[in-house]
Engineer: 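Take a look at this one; I'll ask things after.
All values reported here derive from a predicted model rather than from experimental measurement. Heavy-atom basis, side chains included; hydrogens, waters and symmetry copies ignored.
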Amino acid sequence: EVQLVESGGGLVQAGGSLRLSCKVYGITFDDYAIGWFRQAPGQEREGVSTVNWSARSTYYQDPVNGRFSISIDHAENTVHLQMNNLKVEDTAVYYCAAEDAETVRIEHMASGDGFEYWGQGTQVTVSS
């Protein structure tokens with residue numbers, strides 16, 4: 001059974017840091033790209049960052065580029081999203097998701113379309 005379990009969300013002041021984790025069960029990083037997405041109240045889901053281990057590539061959306069960093073811990077089957085210099089506008093529910101590494105596209109990383117497995121989400125709140 002495929003499962004993605006997020007953790008690490010919370011409340012932080014602007015300028016602070018959080019590290020989100022996505023523990024993956026039932027799939028391998030060789031076969032699946034793992035993406036982070038977020039959705040704020042009243043807004044559409046948007047991509048944050050994706051790692052495609054089979055292609056040795058990472059992807060960041062412009063609003064987070066230079067502040068967020070995605071990485072894989074192979075020993076723990078976990079993908080981390082290190083978020084630094086957080087801003088109030090980063091407040092959202094953050095989800096991790098998996099898509100077949102052979103079909104994942106830039107458009108999918110931006111929207112989440114095509115990602116077939118999703119976690120339950122973790123809330124990130126950044127206060128001013």
Engineer: Around atom CD of Gln123, are there more than 12 heavy atoms of other residues, nucleotides or ligands at under 6.0 Å?
Structural biologist: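 Count over threshold, so yes.
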Engineer: For residues Ala33 and Thr50, report the shortest heavy-atom separation together with the two atoms involved.
Structural biologist: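 Smallest heavy-atom distance, with atoms named: CB-CG2, 4.2 Å.
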Engineer: According to the interplanar angle, ranging from 0 to 90°, do the rings of Phe37 and Trp118 count as parallel (below 30°), tilted (30 to 60°) or perpendicular (above 60°)?
Structural biologist: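 Tilted: the ring planes of Phe37 and Trp118 meet at 30° to 60°.
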Engineer: Under 3.5 Å, side chain of Gln120 to main-chain N/O of Glu6, donor-acceptor pair present?
Structural biologist: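 A pair under 3.5 Å: yes.
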Engineer: Can you check side-chain contact (heavy atoms from CB on, under 4.5 Å) on Tyr60 and Ile70, steps first, answer last?
Structural biologist: CA-CA 9 Å; Tyr60 298 93; Ile70 194 168; 3.4 Å; yes
Engineer: Is there a side-chain contact between Val48 and Phe68 (heavy atoms, below 4.5 Å)?
Structural biologist: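 When only atoms from C-beta onward are counted, Phe68 and Val48 do touch, with a gap below 4.5 Å.
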Engineer: Determine, using ring centers only, whether His108 and Phe115 are less than 6.0 Å apart.
Structural biologist: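 Ring centres of His108 and Phe115 not closer than 6.0 Å.
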Engineer: Between Tyr32 and Asp100, what is the shortest heavy-atom contact and its length?
Structural biologist: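 Residues Tyr32 and Asp100, closest heavy atoms: CD2-N, 3.4 Å.
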Engineer: In Å, rounded to the nearest 0.5 Å, how long is the span from CZ of Arg38 to CD of Glu46?
Structural biologist: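 It is 4.5 Å, given to the nearest 0.5 Å.
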Engineer: Using side-chain heavy atoms (C-beta onward) and a distance below 4.5 Å, is Cys22 in contact with Leu4?
Structural biologist: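 They are in contact (side-chain heavy atoms under 4.5 Å apart), so the answer is yes.
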Engineer: Cation-pi check, Arg56 to Trp53: give yes when NZ or CZ is under 6.0 Å from the six-membered ring centre and within 45° of the ring axis, no otherwise.
Structural biologist: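 The answer is yes, since Arg56 meets both limits relative to Trp53.
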Engineer: Less than 4.0 angstrom from a charged side-chain N to a carboxylate O is my criterion; do Arg45 and Asp113 meet it?
Structural biologist: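 A salt bridge is present here (some side-chain N lies under 4.0 Å from a carboxylate O).
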Engineer: Considering all heavy atoms of both residues, which atom of Arg67 and which atom of Asp90 are nearest to each other, and what is their separation?
Structural biologist: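 The pair with the smallest heavy-atom distance is NH1-OD2, 2.8 Å.
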Engineer: So, taking the atom named SG in Cys96 and the one named NE2 in His80, what distance separates them when rounded to the nearest 0.5 Å?
Structural biologist: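 The NE2 atom of His80 is 11.5 Å from SG of Cys96, to the nearest 0.5 Å.
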Engineer: Quick one: OG on Ser49 to CG on Asn65, what's the gap to the nearest 0.5 Å?
Structural biologist: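 So the OG of Ser49 and the CG of Asn65 are separated by 9.0 Å.
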Engineer: Please indicate whether Glu44 has more than 12 foreign heavy atoms, meaning atoms of other residues, nucleotides or ligands, lying under 6.0 Å from its CD.
Structural biologist: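 Check fails, neighbour count at 12 or below.
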